[in-house]
4 protein chains.
Amino acid sequence: MADRAAARRRELVMSAYKVFSTKGYRTSGVADIVREAGVSHGTFYNYFDSKRHILDGVLDYAVELLLTGVIEEDQPQEAATLAELADQFRAMLGRLFALVEDQPGLVQFTMLDAAAIDDELVGRLLELISSFGVLATAYLDNGAERGFLPSDLDTKIAGEGLLSLMMSAVIPSLRGPVTADDRARHIDALVGLAFGGIAAR
Amino acid sequence: MADRAAARRRELVMSAYKVFSTKGYRTSGVADIVREAGVSHGTFYNYFDSKRHILDGVLDYAVELLLTGVIEEDQPQEAATLAELADQFRAMLGRLFALVEDQPGLVQFTMLDAAAIDDELVGRLLELISSFGVLATAYLDNGAERGFLPSDLDTKIAGEGLLSLMMSAVIPSLRGPVTADDRARHIDALVGLAFGGIAAR
Amino acid sequence: MADRAAARRRELVMSAYKVFSTKGYRTSGVADIVREAGVSHGTFYNYFDSKRHILDGVLDYAVELLLTGVIEEDQPQEAATLAELADQFRAMLGRLFALVEDQPGLVQFTMLDAAAIDDELVGRLLELISSFGVLATAYLDNGAERGFLPSDLDTKIAGEGLLSLMMSAVIPSLRGPVTADDRARHIDALVGLAFGGIAAR
Amino acid sequence: MADRAAARRRELVMSAYKVFSTKGYRTSGVADIVREAGVSHGTFYNYFDSKRHILDGVLDYAVELLLTGVIEEDQPQEAATLAELADQFRAMLGRLFALVEDQPGLVQFTMLDAAAIDDELVGRLLELISSFGVLATAYLDNGAERGFLPSDLDTKIAGEGLLSLMMSAVIPSLRGPVTADDRARHIDALVGLAFGGIAAR
DNA sequence: AATGAATGAGTCTTCATTCAT
DNA sequence: AATGAATGAAGACTCATTCAT
């Protein structure tokens with residue numbers, strides 16, 4: 001049955017995600033994955049051609065986590081005013097911090113580990129970043145349409161910039177636990193920077 | 001003589017940089033490095049304890065390239081007005097683009113490849129990013145002191161944000177050559193974003 | 001019913017013959033055989049204990065092809081004169097060439113592939129060659145009895161020699177297609193060699 | 001030094017020959033070869049790209065054994081009469097028997113085992129057989145030139161036939177030890193067959 | 001009688017590192 | 001100080017076979 005197979009696949013992908021995000025891709029062996037999943041080597045190779053092959057699925061899973069964890073109900077079209085957009089941005093930053101705290105290996109795996117495997121994966125990651133940028137752009141386009149953002153704003157580049165600011169917020173978390181206070185300061189400062197620039201009154 | 005030894009060391013580091021930034025650290029073997037340097041395996045191990053060990057030197061070298069290539073004469077204290085600071089930012093972005101074009105592997109190696117080796121190196125990289133952030137902060141502190149930036153600006157976080165914006169500018173270059181026009185649009189948009197936020201008039 | 005089972009068996013043997021004579025025994029997997037036969041792995045093992053086990057059946061089938069294809073109606077007792085025996089030899093060579101052309105993998109499989117499996121199979125093959133030799137001997141014994149061959153001819157060894165000459169004719173076909181002309185030259189030369197030796201006037 | 005390397009190479013080839021001709025290529029592991037040679041796995045791969053790769057060298061070595069063991073001083077041009085050629089043929093058959101007895105795995109490895117590895121090796125083997133055939137042809141051409149063999153003899157095909165007769169002599173040895181008497185009978189009968197055909201007076 | 005998912009022992013190959021010369 | 005041949009631990013992958021359904 002296809003259901004059973006799909007379940008096994010997902011089971012293996014989740015095991016691999018767990019292993020990879022904990023030990024790193026290179027350090028992890030197929031043996032670690034199958035031990036985690038409780039199946040044999042042979043079963044692994046019934047579902048994936050190679051260790052490299054399952055990585056694609058793992059990355060998909062990680063992206064799924066990121067998207068559902070950060071975007072959630074804050075859809076691009078929902079903001080009607082600049083303040084509402086700022087609130088969305090603020091909320092997303094909050095959820096991103098929470099996600100990074102909950103899944104310590106997620107960012108390191110997605111951003112750093114996966115990028116060192118091979119050129120194809122670098123390509124996929126860049127494409128991924130690009131599509132996240134497009135997503136960010138959609139929020140700005142909504143603002144421009146509704147008139148609460150300047151019509152001459154280069155929403156594409158600004159979107160990428162917003163995304164980048166979000167990533168910069170996450171970097172300190174990679175070094176270790178961040179206090180709630182630090183987190184709040186970061187969120188405030190970044191919202192301020194994003195919406196008013198460094199020279200904001 | 002120590003001079004000779006230091007020269008050999010540097011020679012090996014530069015060979016390793018060339019190899020790593022071309023093929024990646026994991027894919028490159030000690031054999032590649034010694035072939036590039038024209039010495040034997042044994043010689044390599046006379047100067048470095050391990051393949052991992054030379055990576056530290058290579059990373060230092062890469063940072064040296066980044067610092068000298070991007071900062072150059074634009075020192076933190078030099079800007080006397082907001083416009084001059086913007087010019088500095090603009091100039092640095094320009095030199096960053098040029099550097100990335102000239103050394104295609106540099107960013108990928110520094111940001112992506114090196115980060116996937118081990119936790120110690122991740123730590124070093126984060127520290128590096130942090131020190132770049134501190135550098136960025138110095139520019140903003142100068143502005144706050146001279147009074148052309150708001151005194152309540154969180155210069156630390158804003159500095160990290162500026163750095164992150166610079167990095168975001170570079171990402172498209174990883175995918176392939178970027179036209180001069182694109183580059184100019186990026187620089188304009190990012191300077192606008194950094195100094196006025198997305199809502200700038 | 002046993003009939004149904006026997007049919008399945010034969011079906012599997014023929015699939016295995018097709019697969020083995022195309023890809024070779026070692027390179028072929030049980031998966032190839034069952035795919036060719038359109039049954040499952042489990043069914044295969046209902047009929048054969050192992051991959052090695054079906055090989056016995058495949059070899060039988062190959063021998064059947066060889067015997068029916070080459071001997072046909074030219075039975076040992078039918079030649080009444082030396083010239084008739086030569087005609088028989090000639091006819092068999094012709095049919096051997098035709099068979100090799102029609103079933104390119106047959107000889108390679110029987111002679112080369114099967115012989116590299118294990119000692120037991122080498123034994124079976126040698127026995128097979130021996131029984132072919134006995135068959136060849138029967139033709140010579142008929143000649144000796146009827147008086148058109150020397151009575152002191154060592155028919156056993158000469159029979160094996162004849163067989164060997166037939167095999168030598170086939171070797172070039174293993175390398176690729178042989179022209180009709182080449183085939184004719186081979187047949188003529190080999191008949192001459194067999195019946196008159198190299199020094200025949 | 002190239003000498004040392006060449007010696008190691010040969011050492012490994014001879015170990016591999018020993019192992020392959022005893023256990024067969026597929027059954028033998030690289031582990032067996034390096035154990036026999038007393039070196040490490042790594043060393044093996046310093047000299048050969050793969051297990052398959054050393055097989056080429058082993059086959060060369062086997063051919064070397066065959067050529068030096070069977071031909072020895074009996075060069076093509078040496079026979080001045082038909083009787084002398086027959087003596088050469090007889091002597092070679094004798095040495096072939098001796099070689100097969102001395103190196104039981106040689107023929108099985110060369111003829112059977114090697115032929116089941118891959119198509120490239122089958123090609124090489126067929127080429128080898130062909131070159132042996134050319135060698136046999138040289139003996140017959142010498143006879144034709146000197147006038148003790150018919151000028152219209154198809155020396156190429158007859159040469160291949162002679163070779164094949166020699167091989168047929170060896171087949172019984174593959175099954176087990178052959179008595180001196182049997183050997184003598186084989187030699188007599190095959191010389192008779194080769195030189196006078198089955199119908200010789 | 002048929003299915004096909006699961007098994008896991010077995011093998012090749014890589015490459016950082018050592019050390020005798 | 002330099003050489004480079006030798007090392008061997010480590011790990012990915014295959015495939016004949018089993019057995020619960």
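This one's a predicted model, so the numbers in the text were calculated from it and none came from an experiment. First the proteins, then the strands, lettered A, B, ... as listed; each starts at 1.
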Distance, rounded to the nearest Å, where A:Arg8 contributes CZ and E:dG4 contributes P: 17 Å
- prompt: Could D:Arg52 and D:Asp118 be called an ion pair, given the rule that one side-chain N must be under 4.0 Å from one carboxylate O?
  reply: yes
message: If I take atom CG in residue D:Leu55 and atom P in nucleotide E:dC12, what distance separates them, rounded to the nearest angstrom?
response: 13 Å
Ionic contact status for D:Arg124 with D:Asp60, cut-off 4.0 Å: yes
task: Grab the two heavy atoms, one from D:Tyr47 and one from D:Ala5, that are nearest each other, plus how far apart they are.
output: CE2-O, 3.6 Å
query: Can a salt bridge be assigned to the pair B:Glu64 and B:Arg10 using a cut-off of 4.0 Å between side-chain N and carboxylate O?
result: yes
query: Do the side chains of D:Asp119 and C:Gln108 get nearer than 4.5 Å, heavy atoms only?
result: yes
field: Over-ring placement of B:Lys51 relative to B:Tyr25, 6.0 Å and 45° cut-offs
entry: yes
A:Ile54 side chain near A:Phe44 side chain, heavy-atom distance below 4.5 Å: yes
message: Can you give me the dot-bracket string for DNA chain F, 5' to 3', counting Watson-Crick and G-U wobble pairs with both distances under 3.5 Å, using [ ] for crossing pairs and | for partners on another strand?
response: .||||||||||||||||||||
field: Whole-Å gap separating P (F:dA5) and CD (D:Glu11)
entry: 15 Å
Residues from residues 45-54 of chain D lying under 4.0 Å of DNA chain F - heavy atoms: D:Asn46, D:Tyr47
- request: Taking the side chain as every heavy atom from C-beta outward, state whether C:Tyr45 and C:Asp49 have any pair of such atoms under 4.5 Å apart.
  value: no
- prompt: By a strict heavy-atom criterion of less than 4.0 Å, which residues belonging to residues 19-44 of chain D are in contact with DNA chain E?
  reply: D:Ser28, D:Gly29, D:Val30, D:His41, D:Gly42
query: Does one side chain, of A:Glu36 or A:Tyr17, offer a donor that lies under 3.5 Å from an acceptor on the other?
result: no
- prompt: Step by step, would you call B:Val39 with B:Arg8 a side-chain contact (heavy atoms from CB on, under 4.5 Å)?
  reply: CA-CA 10 Å; B:Val39 300; B:Arg8 258 287 151 84; 3.9 Å; yes
